[in-house]
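These notes concern the structure reproduced below.
What's counted below: heavy atoms across the whole structure, side chains too, no hydrogens, waters or symmetry copies. Nothing here was measured: the structure is a model prediction, and the numbers come from that model. Whatever order the structure lists them in is the order used to number ligands and atoms, beginning at 1.
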Amino acid sequence: MNILLIGSGGREHALAFGFHASPSLGTLFAFPGNPGMKNIATIVDSISLNDSGTIIAFCKQHAIDLVVVGPEAPLVKGLADDLRKYGIAVFGPSAKAARIESSKGFSKDLMKSHGIPTAGYERFTKEFAHEAHAYVNERPLPIVVKADGLAAGKGVIIAETHHEAHEAIDEIFAGLFAEAGSSIVIEDFLKGEEASVFAITDGNEVVLLAPAQDHKRAKDGDLGKNTGGMGAYAPAPIVTDEVMQRVHDEIVMPMLAAMREQGFPFVGCLFVGLMIDAGKPSVVEFNCRFGDPETQAVLSVFQGDLAKLLHSAAIGALDHSAMQSRSKGFACNVVMASGGYPDDYETGHVILGLDKANEDPNVHVFHAGTKSLPDGTIVTAGGRVLGICGLGEQLADAIHHAYTCLEHIHYHHRYYRTDIGKKGLNVTNP
Ligand code: AMP
Ligand code: GLY
């Protein structure tokens with residue numbers, strides 16, 4: 001099977017790694033790819049995401065059996081719809097189905113109307129800002145104010161006081177998150193522990209991958225600003241078999257049924273962002289694609305034929321046997337970032353020690369924001385630079401391997417959290 005993978009981050013490097021390990025893979029092409037993929041994929045530079053015609057032509061020319069779309073933006077714009085019109089199998093939802101990520105309000109309405117557990121909320125547009133202010137005054141604290149649209153995981157303000165909530169409303173409507181904040185969702189605060197579950201689906205049936213836990217804040221101890229994610233581990237013990245069953249029965253299956261019923265079945269990876277409180281899961285958010293940096297950990301413990309699994313979902317005939325086991329051991333993916341991220345940071349710094357890190361059999365090194373110079377030197381090129389994913393029989397081993405390996409890698413202003421995975425070690429009574 002020939003696959004065209006779209007995307008360039010750590011998540012896509014992990015997908016490439018999963019395809020490379022798949023018995024059913026023929027040739028893997030990656031657009032635009034990243035320097036970490038160059039030994040396992042053919043990097044493509046001849047197509048454009050702004051012109052689906054170039055992708056369709058590429059697929060015909062290279063006998064592509066499956067297109068896998070990593071990031072949300074092309075899905076939201078309708079790339080999967082464009083390709084399907086030409087009979088190309090795509091792993092990734094239609095633009096209509098991708099609204100579960102591109103509009104938080106839309107997603108909340110769907111959950112509410114189908115009884116899927118999530119925090120109570122109301123939606124407001126800018127013209128009705130006064131109603132938003134009145135609403136927060138009536139709600140308990142803390143309260144969560146969210147931009148409706150896509151804001152790279154950063155469009156959420158958790159207000160501890162009513163004053164902060166009023167400020168958040170004003171700032172979002174004044175353009176803090178640009179267009180994404182032209183309407184807002186105000187929702188009750190959910191307490192508990194967060195986890196992410198990825199459901200691979202053909203629209204009807206699902207295969208759930210290993211549950212993961214992301215670390216969204218920039219600093220140790222879950223302090224500092226929200227980021228795209230500073231590290232993740234899988235499987236997350238907080239998601240016990242009982243919790244996983246509830247996620248399947250009370251969240252994933254009713255959500256897929258709701259989407260079918262509304263006329264936009266979801267095909268791809270349904271990302272379920274959860275809050276788990278005393279064993280009860282509620283939805284914090286849905287995304288329409290794999291998570292980053294969770295995928296690096298989730299696919300590092302996956303056993304099976306990933307290419308076959310995603311292809312079967314794309315053609316509407318989910319093959320449960322393509323996954324032999326959700327998880328073998330544990331994986332802990334520590335993100336190495338550029339100092340300053342998620343605010344301003346520098347790029348172009350030479351990265352040393354990659355060869356040594358790549359030799360470590362207990363680790364997968366995933367590139368996220370890197371660039372290869374013409375002489376082959378690898379330099380930093382983004383906020384999140386690398387994911388150092390340690391493997392181990394126990395979570396503690398995986399954490400240890402990641403942090404040991406990371407010491408081989410140096411660049412100016414490198415930054416990482418030192419407590420990725422720690423929460424998973426402390427789970428006694430989820
Ligand atoms: P989202 O972009 O909706 O995933 O929100 C980003 C982060 O904000 C989440 O990962 C949570 O840590 C936090 N968050 C969002 N909504 C809530 C909520 N209702 N209660 C508590 N925390 C929340
Ligand atoms: N790790 C969170 C996300 O991918 O949105």
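Near Gly228, meaning under 4.0 Å from one of its heavy atoms, ligand 2 places the atoms 1 (N). Heavy-atom contacts of Asp214 reach the following atoms of ligand 2: 1 (N), 2 (C) (cutoff under 4.0 Å). Listed by number with element, the atoms of ligand 2 under 4.0 angstrom from any heavy atom of Asn287 are 5 (O). Interface of Glu285 with ligand 1, defined as ligand atoms under 4.0 Å from a residue heavy atom, comprises 1 (P), 2 (O), 3 (O), 4 (O). Those atoms of ligand 2 that come under 4.0 Å of a heavy atom in Glu294, given as number and element, are 1 (N), 2 (C). Which parts of ligand 1 touch Glu187 is read off a 4.0 Å heavy-atom cut-off, strictly below it: atoms 16 (N), 17 (C), 18 (C), 19 (N).
Residue contacts with ligand 2 for Arg11 are absent, since no atom lies close enough (heavy atoms, distance under 4.0 Å). When non-hydrogen atoms are compared, ligand 1 lies under 4.0 Å from the backbone of Asp188 (N, CA, C, O) but not from its side chain. If you look at Lys191 next to ligand 1, there are no close heavy atoms at all, none under 4.0 Å.
You'll find the side chain of Thr380 reaches within 4.5 Å of the side chain of Ile351, heavy atoms only. Ile388 places a side-chain heavy atom less than 4.5 Å from the side chain of Val365. Counting heavy atoms from C-beta outward, Leu306 and Leu15 have side chains that approach closer than 4.5 Å. You'll find the side chain of Ile172 reaches within 4.5 Å of the side chain of Phe177, heavy atoms only.
The option from Met275, Glu194, Lys146 that lies nearest to atom 22 (N) of ligand 1, judged by heavy atoms, is Met275. In this comparison of Ile158, Ile157, Leu150, the heavy atom closest to atom 23 (C) of ligand 1 sits on Ile158.
Where the criterion is an N or O separation shorter than 3.5 Å, residue side chain and backbone included, Glu285 fails it with respect to ligand 2. Looking at ligand 1, you won't find any N or O of Val156 less than 3.5 Å from one of its N or O atoms.
Note on ligand 2: Gly273 sits outside its first shell, no heavy atom being nearer than 4.0 Å. Residue contacts with ligand 2 include Gly291, since one or more of its heavy atoms lies under 4.0 Å from the ligand. For the ligand labelled ligand 2, residue Phe271 lies inside the 4.0 Å heavy-atom shell. Ligand 2 has at least one atom lying under 4.0 Å from a heavy atom of Arg289.
For His130, the NE2 atom is densely surrounded, since the number of other residues' heavy atoms within 6.0 Å is greater than 12.
Note: Leu270 CG to Phe198 CZ = 10.5 Å, rounded to the nearest 0.5 Å. Expressed to the nearest 0.5 Å, how far OG of Ser102 lies from CG of Leu150 amounts to 5.5 Å.
Ring geometry for Tyr403 versus Tyr416: interplanar angle of 30 to 60°, hence tilted. Taking the six-membered ring where the residue is Trp, Phe264 and Phe106 present tilted rings, their angle falling between 30° and 60°.
Under 3.5 Å, the side chains of Ser52 and Asp82 contain a donor-acceptor pair of N or O atoms.
For an aromatic pair to be called close, the ring centres must be under 6.0 Å apart, and Tyr411 with His349 fails this.
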